[in-house]
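Being a predicted model, the structure only gives us computed values, none of them experimental. Read the numbers this way: they start at 1 and go in the same order the structure lists the ligands and their atoms.
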Amino acid sequence: MSADKLLNYIDGAWVQSSAQSYLNVVNPATAEVLGQVPLSPGAEVDRAAQAAAAAQKEWVNVPVEDRIQYLFKLKVLLEENFEDLARTITMEAGKTLAESRGEMRRAIENVEVACGTPMLMQGQIMEDIARGIDEMMIRQPVGVCAMIVPFNFPGMISFWFFPYAIATGNTCIVKPSEKVPLTTTKIFKLIEQTGLPKGVMNMVNGAKETVDAILDHPTIRAISFVGSTPVARYIYSRGAANGKRVQAQGGAKNPIIILPDADVEMSTRIAADSFFGCAGQRCLAASVAVTVGEARDIFTETLAEAAATRVTGNGLDESVQMGPVITPQSRERIEGLIQKGVDGGASLLVDGRNPSIPGGESGNFVRPTVLNNVDPNSEIARTEIFGPVVSMIHLNTIDQAIEFVNSNKYGNMACLFTSSGAAARKFRNQAQAGNIGINIGVAAPMAFFPFSGWKDSFFGTLHAQGRHSIEFFTQTKVVVERWPQEWSRVF
Ligand code: NAD
């Protein structure tokens, strides 16, 4: 891969940005520069918005059955280019090849579900709401929609939105993460090959200035955002102040509760994958382990073992189980938080700082880290670390554990490991988080369920994926009709 300047894709053409500055796109495992991404100015968002608005006028009239044919073609192209996309994700985001393949599988799943739009988009009709009067509710597209996405799933997250947006008759502008824009560029090359009319899908690279231009652009009617909570809150406020509909998914601090009756081998394996998979850089990564009662000793021991033995290295090596974190700054921040945990009284059972990774001297590696006896009220127990670090907290009852879960300002995910149906039911009912796992460590909803963050993990009403997406990308129109019989000609 050469360190080329990346292009934007506007109105069906690849165009060089007029950006004054470019950022390097860097492989986090090797520090190799893979490309240069433009920080596109607002004028390029404007061009994309004009193109999308012009295209939408025609696109809305394309029958839904014809619109989804482009998605069927995209599904085939994604399958054909699956390995190349997975390798690109690994190279720019650092995760393992298995994780990148899993990510692309979930992306494709959203294309498949959006192919059901002819069923999902249907409205409702009721005859005779009063004598001789009928009423119907139809769904129509919102117009031009924008997607602003984070670094940690470069191949998947835009798919939570755009397949549904275009299938329902909208046109789109995607703003990839400036840290990992290469995968989206490849995806747009495939989108181009589907023959989709120009202007329906546009891509503008950039960072804050580009995002602000999206938030303020009068033609853009809806914004889908995924990223950290402070930025999600900002996007939601500024987008709403400009009269747009906004769905903004934010950060997380996900707990896993282990009851004494949990299967130790299975819980350890699944929980370790949640703590350390994708180097802890999933919004559904667990980062706090709460043991209840007697689960404490055995689980502390098995988890420490799982952490110490996880193979860390360059994700392109198939034997590697965990890759690097995204940037040197991220590594520094994670190591600083580990130190804060230690300074706050936690004991370091497994220390992943400054690891020696053969061949990974230039990479941003932190090995799996386990902090034990963490104070439930400490900063480390409450801050999103977004790295392979687990804080262990030991409590005595399930009620205390649920209280801890519910004191979390985030509400992305909470998981319970148990063999008791009654405990599982209580947890499912009482835990204040939008995605719940029972004997599951990463409770990622399939594409036909909403990605249901709560509290500071989500700002908005309708979430990503499935029916929620269809509703987000359509506005309802209610029509009340009267056709008096006496007006009819007699045939
Ligand atoms: P981020 O918030 O730094 O960036 C996300 C997007 O916002 C990027 O496209 C970026 O260019 C843009 N951006 C960043 N700062 C901005 C600013 N000040 N003004 C306007 N735009 C700005 O997030 P990230 O570091 O790329 O991703 C990691 C975060 O995303 C974590 O907090 C993680 O939990 C969260 N995340 C959440 C979900 C979810 O579904 N809830 C999924 C994946 C990631």
Side-chain angles (χ1 to χ4, degrees), residues 23 25 28 37-40 42 45 92-95 99 103 106-107 110 146-161 173-181 183-184 203-216 223-239 246-254 277-287 325-327 329-331 333-334 383-387 408-413 433-435 442-445 447 449-460 463-465 468-469:
L23 295 178
V25 182
V37 62
L39 300 181
S40 304
V45 169
E92 66 177 350
K95 60 183 73 174
E99 289 164 345
E103 173 176 348
R106 303 309 295 267
N110 277 281
M147 291 95 209
I148 302 160
V149 294
F151 81 80
N152 63 330
F153 283 94
M156 175 180 74
I157 289 184
S158 63
F159 283 86
W160 286 353
F161 310 108
I173 304 169
V174 176
K175 206 294 286 171
S177 163
E178 65 278 23
K179 297 190 179 99
V180 292
T183 309
T184 310
M203 177 186 65
V204 181
N205 283 295
K208 180 168 172 52
E209 185 185 344
T210 323
V211 172
D212 285 346
I214 290 172
L215 293 172
D216 294 341
I223 297 187
S224 305
F225 172 85
V226 181
S228 58
T229 288
V231 183
R233 195 188 292 276
Y234 166 74
I235 301 276
Y236 189 67
S237 319
R238 189 155 164 176
V246 185
Q247 47 180 191
Q249 303 194 191
K253 182 75 182 176
N254 303 310
C278 296
Q281 299 172 116
R282 286 184 184 124
C283 63
L284 292 181
S287 87
V325 297
I326 190 72
T327 57
Q329 295 75 14
S330 185
R331 173 187 169 167
R333 194 181 49 79
I334 293 163
T383 306
E384 180 175 43
I385 301 175
F386 226 53
N408 191 339
K409 71 173 178 163
Y410 298 104
N412 222 27
M413 180 185 83
N435 299 294
V442 179
F449 282 98
F451 194 105
S452 288
W454 280 18
K455 297 162 95 176
D456 276 6
S457 297
F458 180 69
F459 302 93
H463 298 83
Q465 300 196 143
H468 274 221
S469 251

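Within the 4.0 Å heavy-atom shell around ligand 1 one finds F451. Using a 4.0 Å cutoff on heavy atoms, I157 counts as a contact of ligand 1. No heavy atom of Y410 sits closer than 4.0 Å to any atom of ligand 1. Heavy atoms of F458 stay at 4.0 angstrom or farther from ligand 1. In this structure, G250 counts as a contact residue of ligand 1, since one of its heavy atoms falls inside 4.0 Å of the ligand.
Protein heavy atom in closest approach to atom 28 (C) of ligand 1: F386 CE2, 3.6 Å. Here the protein heavy atom with the shortest distance to atom 36 (N) of ligand 1 is C283 CB, 3.5 Å. Of the protein's heavy atoms, F151 N, 3.0 Å lies nearest to atom 26 (O) of ligand 1. Among all protein heavy atoms, the one lying closest to atom 10 (C) of ligand 1 is E178 OE1, 3.5 Å. Of the protein's non-hydrogen atoms, the one nearest atom 16 (C) of ligand 1 is V231 CG1, 3.7 Å. At the shortest separation from atom 35 (C) of ligand 1 among protein heavy atoms lies G227 O, 3.0 Å. Looking from atom 18 (N) of ligand 1 to the surrounding protein, the closest heavy atom is K208 CD, 3.7 Å. Here the protein heavy atom with the shortest distance to atom 32 (O) of ligand 1 is E384 OE1, 2.7 Å.
Atoms of ligand 1 found under 4.0 Å from any heavy atom of G251, numbered from 1 in the order shown, are 32 (O), 34 (O). Within the listing of ligand 1, atoms 40 (O) sit less than 4.0 angstrom from a heavy atom of W160. Shown in contact with V211 at under 4.0 Å from a heavy atom are these atoms of ligand 1, numbered in order with element: 20 (C), 21 (N). Every atom of ligand 1 with a heavy atom of Q249 under 4.0 Å away is listed here by number and element: 39 (C), 40 (O), 41 (N). Listed by number with element, the atoms of ligand 1 under 4.0 Å from a non-hydrogen atom of K175 are 8 (C), 9 (O), 10 (C), 11 (O).
For the pair K208/Y234, a side-chain contact is recorded, criterion being any heavy-atom separation below 4.5 Å from C-beta on. Proximity of F459 to S237: side-chain heavy atoms (C-beta onward) are nowhere separated by under 4.5 Å. Side-chain contact between K179 and P150 is absent, with no heavy atoms from C-beta onward closer than 4.5 Å. Side-chain contact between I157 and F151 is absent, with no heavy-atom pair separated by less than 4.5 Å.
Residues meeting the salt bridge (charged side-chain N to carboxylate O under 4.0 Å, His left out) test with E99, sequence neighbours left out: none.
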Side-chain donor-acceptor contacts of residues 224-232 below 3.5 Å, not counting sequence neighbours, with atom names and distances?
residue, atom, partner, partner atom, Å
S224, OG, Q247, OE1, 2.7
T229, OG1, G251, N, 2.8
T229, OG1, D456, O, 2.8

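Taking distance alone, with nitrogen or oxygen atoms compared against 3.5 Å, T229 stays at or beyond that limit from ligand 1. The shortest N or O to N or O distance between F225 and ligand 1 is not under 3.5 Å. The shortest N or O to N or O distance between D212 and ligand 1 is not under 3.5 Å.
For the pair K253 and F386, the NZ or CZ position fails the cation-pi test of under 6.0 Å to the six-membered ring centre and within 45 degrees of the ring normal.
Looking at N152 against ligand 1, only its side chain comes within 4.0 Å, counting heavy atoms. Contacts of N412 with ligand 1, taken as heavy-atom pairs under 4.0 Å, involve the side chain alone.
Under a 3.5 Å cut-off, the side chain of S177 and the backbone N or O of N152 do not form any donor-acceptor pair.
Taking each of A207, S452, S228, A248 in turn, the one with a heavy atom nearest to atom 23 (O) of ligand 1 proves to be S228.
In summary, of the residues considered (V149, V37, I326, V25), a side chain to side chain contact (heavy atoms under 4.5 Å, CB included) with V180 occurs for I326 alone.
For the residue pair E92 / T183, a side-chain donor-acceptor distance below 3.5 Å is found, with atom types taken as modelled.
Atom OG in S457 sits 9.0 Å away from atom CZ in F451 (nearest 0.5 Å).
Considering all non-hydrogen atoms of both residues, S469 and F161 come closest at OG-CA, 4.4 Å. Of all heavy-atom pairs between L284 and P445, the closest is CD1-CD, 4.4 Å. Across P176 and V174, no two heavy atoms sit closer than the pair CD-O, 3.5 Å.
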